[in-house]
Amino acid sequence: MDKIEVLKRCQFLRELDEEQLKLLADMAIVEVYEVGESLGRQGRSQEKVFIIEDGLLGIYLELGPMTRRQIQAASNFELVCWSGMLPPQRMYTTVMAIETTKVLAFNGRELAQLCQSHPAIGCKIHRGVAQTIATRLNSAYTQLMGVTAQD
């Protein structure tokens, strides 16, 4: 699948038109992460933002030097490691490959600069990132409260 097709299938980019998607596609680099490889680590600086083309990533909360707990997962066409484009570019969770995962990788600072230099794109991308964050927070709160589909 080409980069533009991947971007078109991303829910958080649904407001972007073809020309705007092309600008993003030109910035993307295809990368592959094997099982156990980290895309970002909690508490560390983050340089890249990722859109999953194909695969599965775990989102983990580091509870101590030897303990982590998976709190969510992300799969095809989802955004992860958005901290790379938002100051202070610091990760709040660890993101690791659960299976071999192909992603579109963006330099977070370059993506933030694109958003500043093209306000129409920036507004749409930031709205999409905000929606992604809100959805993840809602899922985390639901999980924290112990609510299940059976309740």
Between [Y] and [X], is there a side-chain heavy-atom distance shorter than 4.5 Å?
X    : Y   : value
I51  : F12 : yes
Q20  : L13 : no
I133 : W82 : yes
I98  : V35 : no

Notebook entry, point to check: Among the clusters formed by ILVMFWY side chains lying less than 4.5 Å apart, do Y60 and I71 turn up in the same one?
Noted result: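 The answer is no; the residues belong to distinct hydrophobic clusters.
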
Notebook entry, point to check: Does V103 belong to the same Ile/Leu/Val/Met/Phe/Trp/Tyr cluster as M27, with side-chain heavy atoms less than 4.5 Å apart forming each link?
Noted result: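 As far as the 4.5 Å side-chain criterion goes, M27 and V103 are not connected within one cluster.
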
Does [X] reach the main-chain N or O of [Y] with its side chain, forming a donor-acceptor pair under 3.5 Å?
X    : Y   : value
T67  : L63 : no
R44  : R41 : no
S83  : R90 : yes
Q46  : L39 : yes
E78  : S75 : yes
N76  : G55 : yes
T101 : E99 : yes

Checklist line | Point-to-point distance, once rounded to the nearest 0.5 Å, from CD1 of I125 to CZ of F106 | finding: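 The CZ atom of F106 is 8.0 Å from CD1 of I125, to the nearest 0.5 Å.
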
Check: Nearest 0.5 Å, what's the CD-CD distance between Q11 and Q131?
Finding: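 Atom-to-atom, Q11:CD and Q131:CD are 8.0 Å apart.
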
Next item on the list: For side-chain contact (heavy atoms from CB on, under 4.5 Å), just list the numbers for H126 and M85, CA-CA rounded to whole Å, side-chain angles, deciding distance to a tenth of an Å, and then say yes or no.
Entry: CA-CA 10 Å; H126 281 93; M85 67 176 284; 3.7 Å; yes

Item checked: Option passing side-chain contact (heavy atoms from CB on, under 4.5 Å) with L7 (candidates D2, L24, L16) ->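 Single side-chain contact (heavy atoms from CB on, under 4.5 Å) partner of L7 among D2, L24, L16: L24.
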
Item checked: Test applied, side-chain contact (heavy atoms from CB on, under 4.5 Å); reference residue, C81; option that passes from M91, K48, Q89 ->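 Exactly one option meets the side-chain contact (heavy atoms from CB on, under 4.5 Å) with C81, and it is M91.
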
Checklist line | Nearest atoms (heavy-atom pairs only) where K22 meets I4 | finding: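 For K22 versus I4, the nearest heavy atoms are CA-CD1, 4.1 Å.
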
[X] and [Y]: side chain donor to acceptor below 3.5 Å:
X    : Y    : value
Y33  : E31  : yes
Q113 : S117 : no
T94  : Q42  : no

Next item on the list: May I ask you to say whether R109 pairs ionically with E47, meaning some side-chain N is under 4.0 Å from a carboxylate O?
Entry: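 Looking at E47 together with R109, the answer is no, because their closest N to O distance does not fall below 4.0 Å.
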
Check: Do E53 and K3 meet the salt-bridge criterion of a basic N to acidic O distance under 4.0 Å?
Finding: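 No, no charged N to carboxylate O under 4.0 Å.
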
Notebook entry, point to check: Does E34 have any side-chain contact (heavy atoms from CB on, under 4.5 Å) partners at least two apart in sequence or in another chain, and if so, which?
Noted result: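 Testing E34 for side-chain contact (heavy atoms from CB on, under 4.5 Å), a comparison that skips the adjacent residues, returns V32, E37, T100.
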
Next item on the list: Answer yes or no: does atom CZ of R127 have more than 12 heavy-atom neighbours from other residues, nucleotides or ligands under 6.0 Å?
Entry: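 Atom CZ in R127 is packed in, count exceeds 12.
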
